[in-house]
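Structure, as structure tokens:
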Amino acid sequence: MPVTIGADTQNGFDRPIGLMMDCHRRIERFLGVLEFLAALPAGSELDPAQQRSLRQTIEYFETAGPRHVADEEDSLFPRLRHYPQSKAALSDLDHLEQDHCRAQALHATANTIGHFWLDLGKLPPNQHDRFAAAVSELASLYRAHIQLEDERVFPLAESLLTKEETAEIGQEMADRRGLFATA
């Protein structure tokens with residue numbers, strides 16, 4: 001169940017759309033951890049490996065998650081909105097931004113209960129039910145969200161954005177992470 005953060009990818013900041021897709025794969029893996037834990041019987045104590053996985057997952061969603069949202073909402077989506085060809089996608093972008101808000105609230109619930117689980121060693125049944133419900137809704141939301149971005153929004157971006165815009169997005173992504181972009 002351990003998840004490797006920072007695994008090698010084929011994408012660098014010179015391919016920011018690819019990096020966003022790589023992030024989607026990490027989101028899916030971390031969601032898998034949450035779904036596994038949510039499926040444990042109420043009152044279950046986490047073994048050391050499960051504790052590590054839960055800590056890593058919470059940390060990922062608390063740190064990398066907001067950066068990914070900023071990559072999309074602050075760097076990618078505004079640029080797409082300037083293209084007449086993307087007018088049909090505007091409702092998709094609005095929907096995705098609403099998803100981000102809903103996911104943030106669900107993560108707050110899941111992360112708070114996850115911290116509680118780590119601190120106490122096990123969850124009371126009502127807390128376990130709240131955790132499982134938040135995780136279930138997150139998983140459903142992310143599946144549709146990621147599919148929309150991977151299949152419609154990202155291909156549109158790759159077809160419309162100029163090399164300069166792509167480089168700017170990559171630089172902004174690197175800056176958010178305190179890194180240097182290499183083009």
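In this text, all values refer to a predicted model and were calculated from it rather than measured experimentally. The figures here come from the full heavy-atom set of this structure, side chains too, leaving out hydrogens, waters and symmetry mates.
Below 30°, between 30° and 60°, or above 60°: for Phe131 and Trp117 the angle between ring planes is above 60°, a perpendicular geometry. In this structure, His145 and His24 have perpendicular ring planes: the angle between them is above 60°, well past the 30° mark. Using cut-offs of 30° and 60° for the angle between ring planes, the Tyr142 and His107 rings count as tilted.
Thr57 places a side-chain N or O within donor-acceptor distance of the main-chain N or O of Ser53, the cut-off being under 3.5 Å. Distance alone, capped at 3.5 Å, places no donor-acceptor pair between the Thr112 side chain and the Thr109 backbone. A donor-acceptor pair is defined here as one N or O able to donate and one able to accept, closer than 3.5 Å; no such pair exists between the side chain of Glu45 and the backbone of Gly121. A donor-acceptor pair under 3.5 Å is formed between the side chain of Glu165 and the backbone N or O of Thr162.
No side-chain donor from either of Arg15 and Thr166 sits under 3.5 Å from a side-chain acceptor of the other. Using modelled atom types and a 3.5 Å distance limit, the side chains of Glu73 and His68 yield no donor-acceptor pair. In this structure, a donor-acceptor pair under 3.5 Å is absent between the side chains of Gln51 and Asp47.
Taking CD1 of Ile169 as the start and CG of Leu19 as the end, the distance is 11.5 Å to the nearest 0.5 Å. Taking CD1 of Ile27 as the start and CE of Met21 as the end, the distance is 12.0 Å to the nearest 0.5 Å. Atoms CG and CG, on Leu138 and Leu106 in that order, are 4.5 Å from each other to the nearest 0.5 Å. Between the CD1 atom in Ile17 and the CG atom in Asp22 there is a gap of 11.5 Å [rounded to 0.5 Å]. Distance CD1/Ile58 to CD1/Ile113: 10.5 Å, rounded to 0.5 Å. Separating the CG atom in Leu179 from the CD atom in Gln171 is a distance of 10.0 Å, to the nearest 0.5 Å.
What you find for Asn111 and Glu62 is that their closest heavy atoms are ND2-CG, 3.4 Å. The shortest heavy-atom contact between Cys23 and Tyr60 is SG-OH, 3.0 Å. Minimum heavy-atom separation, Pro125 to Ala42: CA-CB, 4.1 Å. For the residue pair Phe36 and Gln50, the shortest heavy atom distance occurs at CE2-NE2, 3.5 Å. Smallest separation of non-hydrogen atoms from Ala38 and Ala132: CB-CA, 3.8 Å. The two residues Pro155 and Glu151 make their nearest non-hydrogen contact at CG-O, 3.5 Å.
There is a path of hydrophobic side-chain contacts, each under 4.5 Å, that joins Leu40 to Val135. In the hydrophobic clustering of this structure, Tyr83 groups with Val153; members are Ile, Leu, Val, Met, Phe, Trp, Tyr whose side-chain heavy atoms approach within less than 4.5 Å, directly or through other members.
Side-chain contact between Leu54 and Leu34 is present, with at least one heavy-atom pair separated by less than 4.5 Å. Glu97 is not listed as a side-chain neighbour of Glu72, based on a closest heavy-atom distance of 4.5 Å or more. Within the 4.5 Å cutoff, side-chain heavy atoms of Asp71 are placed close to those of Arg177. By the 4.5 Å heavy-atom criterion applied to side chains, Glu168 and Arg79 are counted as neighbours. Residues Ser159 and Phe154 are not in side-chain contact: their nearest non-hydrogen atoms beyond the backbone lie 4.5 Å or more apart. Within the 4.5 Å cutoff, the side chain of His95 has no heavy atoms near those of the Ser91 side chain. Counting heavy atoms from C-beta outward, Glu172 and Arg176 have side chains that approach closer than 4.5 Å. Within the 4.5 Å cutoff, no side-chain heavy atoms of Glu149 are placed close to those of Asp92.
For the pair Asp94 and Arg81, the salt-bridge criterion is met [side-chain N within less than 4.0 Å of a carboxylate O].
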(request) Could you check Asp175 against Arg67 for salt bridge (charged side-chain N to carboxylate O under 4.0 Å, His left out), going step by step and ending with a plain yes or no? (result) CA-CA 10 Å; Asp175 290 346; Arg67 286 191 298 250; over 6 Å; no
(message) Run Arg143 and Glu28 through salt bridge (charged side-chain N to carboxylate O under 4.0 Å, His left out) and show every step you take.
(response) CA-CA 8 Å; Arg143 282 185 186 95; Glu28 291 165 342; over 6 Å; no
(message) Quick one, Leu148 with Asp99, criterion side chain to side chain contact (heavy atoms under 4.5 Å, CB included). Give me CA distance, side-chain angles, the key distance, then yes/no.
(response) CA-CA 11 Å; Leu148 177 58; Asp99 284 352; 5.8 Å; no
(request) Take Arg130 and Gln127 through the side chain to side chain contact (heavy atoms under 4.5 Å, CB included) test and state the conclusion after the steps. (result) CA-CA 5 Å; Arg130 285 186 62 222; Gln127 292 298 313; 3.4 Å; yes
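With a 6.0 Å radius and a threshold of 12 heavy atoms from other residues, nucleotides or ligands, Arg152 has its CZ atom at or below the threshold. Counting non-hydrogen atoms of neighbouring residues, nucleotides and ligands closer than 6.0 angstrom, the CD atom of Glu35 exceeds 12 such neighbours.
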